[in-house]
Student: 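Next up is a structure, given as structure tokens.
All values below were derived from every heavy atom in this structure, side-chain atoms included, with hydrogens, water molecules and symmetry-related copies excluded.
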Amino acid sequence: MAHPNVASRVVRGLTALSIGVALAVLVACSSGAPYPVSGGASGGSAASSDGSEEIVVTGSRVGSSTSSGRFSVRERQAAVAAVAPANAQPAGRLFQGSAPGGSKLLSQVQPGEEIWVIQTAAAEADSVDDSSPGSGTMLALVAPSRGAETTQVPLPLRHTDVHAVVTGYVSAVDVTQQFENPYDEKIEAVYLFPLPEKAAVNEFVMTIGERKIRGILREKEEAQRIYEDARAQGYRASLLVQHRPNIFEQKVANIEPGKRIDVNIRYFNTLAYEDGWYAFVFPTVVGPRYNPQGSSDPVAAFPRTEFREPATGTAVRYLRPSERSAHDIGISVELDAGVAIEEIAASHEVATRRDGESRAHVELASGNTMPNRDFVLRFRVAGDTIKSNLLTYTDARTQQGYFTLLVYPPAAPTASRRQSVEMVFVVDTSGSMAGEPIAQARAAINSALDKLERGDTFQIMNFSNEVRQFASRPLPATWDNIERARDYVRRLGGEGGTEMLSGIRAALGFPRDAERTRYVVFLTDGYIGNETEILGEVQRTIGDARIFSFGVGNAVNRYLLDELATEGRGTAAYLALDDSASAVMDYYFERISRPALTDVAIDWGAFAATDVYPARLPDLLAGRPVIVTGKFRGNVGDVRVHGRLGTEPVVFAIDAARDAQQPALSSLWARLRIEDLVRQQTRAGDVDGGYATAIRATALEYSLMSAYTSFVAVDASERTSGDRGTTVNQAVPVPQGVRYGTVVTDR
Amino acid sequence: MSRAARVIVAAFAALAVAMVVSLSAQPGAGRFATVDLYVASDMPVAAWQVELTETGGAMQIVGIERGDDATFRDPPFYDRVVLERAQTDRIVLASFSLSAADRLPRGRVRIARLHVRTTGTAQPDYEARLVAAGAADGSPIGARLTVETQPER
Amino acid sequence: MEPTTELPETLPPALVERLRRLDRSQPIVDPRTDRAVLAQATEFFHARPRRAAVRMRWALPLGTAAALLLVAVLMRPLLLDAPGADDIDGSGRVDILDVLALARDRAARGDAAGISDARIEELAYRIVALDSSRSLP
């Protein structure tokens, strides 16, 4: 038996060692991944000799109670906690002012910018409109001086290449993301990016040098496990995850220094059509989202230098206005309209080459490749060539037929007095709408107010942190009321959060007018993170009202806006910053107040159509068809469409079916089925039950991305050396027209 | 040292040991390997079709890659639906090339590579069958099929 | 020994007379019973020949139809699903060589071949399908 003293010492030694190990393990598990800092200074003093620098800040009233005081400008250099090459420049400077209210704005000022502080002695006013002078302290907007310094930030995504083939109204799009490691250590690249919300993503290929490795679709959790396994063991791997129907996350593991890995995604989509114009849309950046308290799966907006992951959900990293990355985008579109193309227009500068009457090749012009706004390509076909038609495709392996039915409304009747309506304008006045977007929204509402007729009633509501409204109840559209409304609209600004749910409840919750149909006109950029909650509220409370959503801005949340319109049996429209608000509103107001065909129903006759989407057909607007997709078996027969033109019943036949030889129809159908299941799931509030199972099963059967399935690819041919590498989140520019400081939470 | 202190210390020690053990064990972690299919023929091969079976029940395909010759379809054809729906013990791969005979591969050439993941202790056991091989003019040709797996590193 | 009406002339007349009596002897049946049984038998047998006739009349066509149906079911894999449409090279089985033949035809004749990419891919995916792959002997 050991001497008690020796035994005691041994025990003490072992316990001390155990405690030390336990603590070390706890610390290692709880800390984030280590960030190697190579080169890149931290700390240090400013370059200017007097310690100050002229700065410009975007102007906004800071409030009448704010005094200017004297700003003592101190320069403080942020510590660089980033993976950076030895010659990287520090990532910006922060300035702090001594005046209350000014320090927040001053913290957003960038090197090379100027700040002007103006205070008048006049009586204070409550106006929040930048366009009219008043009293109080105003920080004026002054254009940045020429040669303002921009910082090139090394990031892994070098280039995105988009190639689309458009046949009729179906597009097949290949998106290739080129990741290249600019650092001297191995990395994992993470990139959040948008795709059209109805995209049926069904191909995923990882390219390493000349080798292409086709990935496979798996249940989301299993794909994640495979990816993490591969990453931990040093294999190159990639994973594609869906966070929203229009937000995806790409992860690429173990990219060695200086090496490149490409990831190719393919999807199918249908084009929107309106009054002779088809529109192909490719979104390039995810707009910063507002996530109300308690959001279950938020999409946060972080600055580039925020390395920690959010506690829940995910986050998009944004570059500061003075920062640039090397990421650029190339877009090319092959058009085969099937009928003569009369005109082509695009949101960006493009180079167009025609190939006969019905074909064209369109390419984004060089120098116009910064990915900070949606790419929209529109082409017009001869007005009388579009008719209702039926396309079919039969899968030879399963003998299952799929069809798309384009229902084009008949010519609009001669103008007659329309029925009186109750117009409810709901405007997003959150911080992301500040500046140009809110100006567009004001112009749109003013145009709509011009269109109101005697007998109509109207209401105006706006929401940011809370909901405010013009009047306690809808008012008759008299001259006096409209003039007062214009004054209210003039004072709308953009500040604060985006409590859209409150806006929805306010718009749909007050008692209905038995003599008028309620038309809710929603104007927003859609930058929110709780789409599910909002759409669920609309489903429950829409009743017989209609929702017409207007996306205001250059990179709006089209998924939300389209779904609002679908749930509201209305339509969505998009008002870019350089569009004419009055023209867009004139056009839509004319149509929404005089729909071409209501109470639409389809008589399939002998055509055994099943699983048809949309299940509920919206009212048809003149020049705006609806595409119905479904399955069928057996022979195609006559199809007739019933509806009402005003008060008169109407029926018309659809042209004979054409075999489209278009396998994409099956993927498009499956995508719509998944969308419908998600809608039902939202309505039922059933997140992980039977709907999830059905969505998963459909996605796996048709090899489609969904909220429950992910693509993964692993190169098992060799392991890379070293540990699993550092995670680098690809930062992106804020969408054009959105102010960085109002939407990104600096920490 | 008081009795209470000894208990606390012992608990810490046990926690430390448990954490170290759990970190090193990684139950359920997969192993990755490649399965290469080779076809050897005296004639230039323009088309091939192979059936691969794994009898050990351990194969999970996590990537499919074409072979060495760039003129063949990339990647090969395979049944996506079944492969993505559930773990499968069988896969049929096929591909073809429209290149002229003098540009087609001859001799022993790798026609496809599968990237696989296995879990558990079972070792995968592969069997492959050459269903068809054809020349540039479409005529069937004789060829030998071999399977090589890269050992897990 | 079957009675016979022919009597040999050589037999003694008494013996002949006794043999005749044996020949003429019958079980004694009451004529009324006899008539009743006969009536019931007539009624019974009058009905049966008609149903039997019905069965006999339709048996042949039905049997023929059943036989044809059976043949059709058994021969369907050879007739209706015959690889004729997909057996491009006429080898008797459908495999990658048929896909190659289709692709070569299209490459040689272009749009005039009337073969689309979708058709080629559709056939290719059929031959690799795990739940329906089949080759003919």
Student: Which bit of B:Y78 comes within less than 4.5 Å of chain C, counting heavy atoms only: side chain, backbone, both or neither?
Tutor: backbone
Student: Might you point out which heavy atoms bring C:A129 and B:D79 nearest each other, and give the distance in Å?
Tutor: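 Residues C:A129 and B:D79, closest heavy atoms: CA-OD2, 3.2 Å.
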Student: Go through the structure and list residues passing ring pair (Phe, Tyr, Trp, His ring centres under 6.0 Å) with B:Y126, not counting sequence neighbours.
Tutor: none
Student: Does atom CZ of C:R109 have more than 12 heavy-atom neighbours, drawn from other residues, nucleotides or ligands, at distances under 6.0 Å?
Tutor: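 Counting other residues, nucleotides and ligands, CZ of C:R109 exceeds 12 neighbours.
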Student: Less than 4.5 Å apart, side chain to side chain, heavy atoms only: is that true for B:V131 and C:R93?
Tutor: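 A side-chain contact under 4.5 Å exists here.
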Student: So for C:L102, is it side chain, backbone, both, or neither that comes closer than 4.5 Å to the heavy atoms of chain B?
Tutor: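 Neither part; nothing is under 4.5 Å.
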Student: What part of C:A101 lies closer than 4.5 angstrom to a heavy atom of chain B: side chain, backbone, both or neither?
Tutor: neither
Student: With sequence neighbours left out, what residues match C:R104 under side chain to side chain donor-acceptor pair (under 3.5 Å)?
Tutor: none
Student: What is the minimum heavy-atom distance between B:R73 and C:Y125, and which atoms define it?
Tutor: NH2-OH, 3.6 Å
Student: Locate the shortest heavy-atom distance separating C:L130 from B:I91; write the atom from each residue and the value.
Tutor: CD2-CA, 4.1 Å
Student: Within residues 40-49 of chain B, which positions have a heavy-atom distance to chain C below 4.5 Å?
Tutor: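 Within residues 40-49 of chain B, the residues under 4.5 Å from chain C are B:A46, B:A47, B:W48, B:Q49.
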Student: What residue in B:P76, B:A135, B:A136, B:S139 has the most heavy-atom pairs under 4.5 Å with chain C?
Tutor: B:A136
Student: Who in residues 95-105 of chain B is close to chain C, using a strict under-4.5 Å heavy-atom cut-off?
Tutor: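 Contacts with chain C: B:S95, B:F96, B:S97, B:L98.
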Student: Between B:A132 and C:L97, which heavy-atom pair has the shortest distance, and what is it?
Tutor: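 Scanning both residues, the minimum pair turns out to be CB-CG, 4.4 Å.
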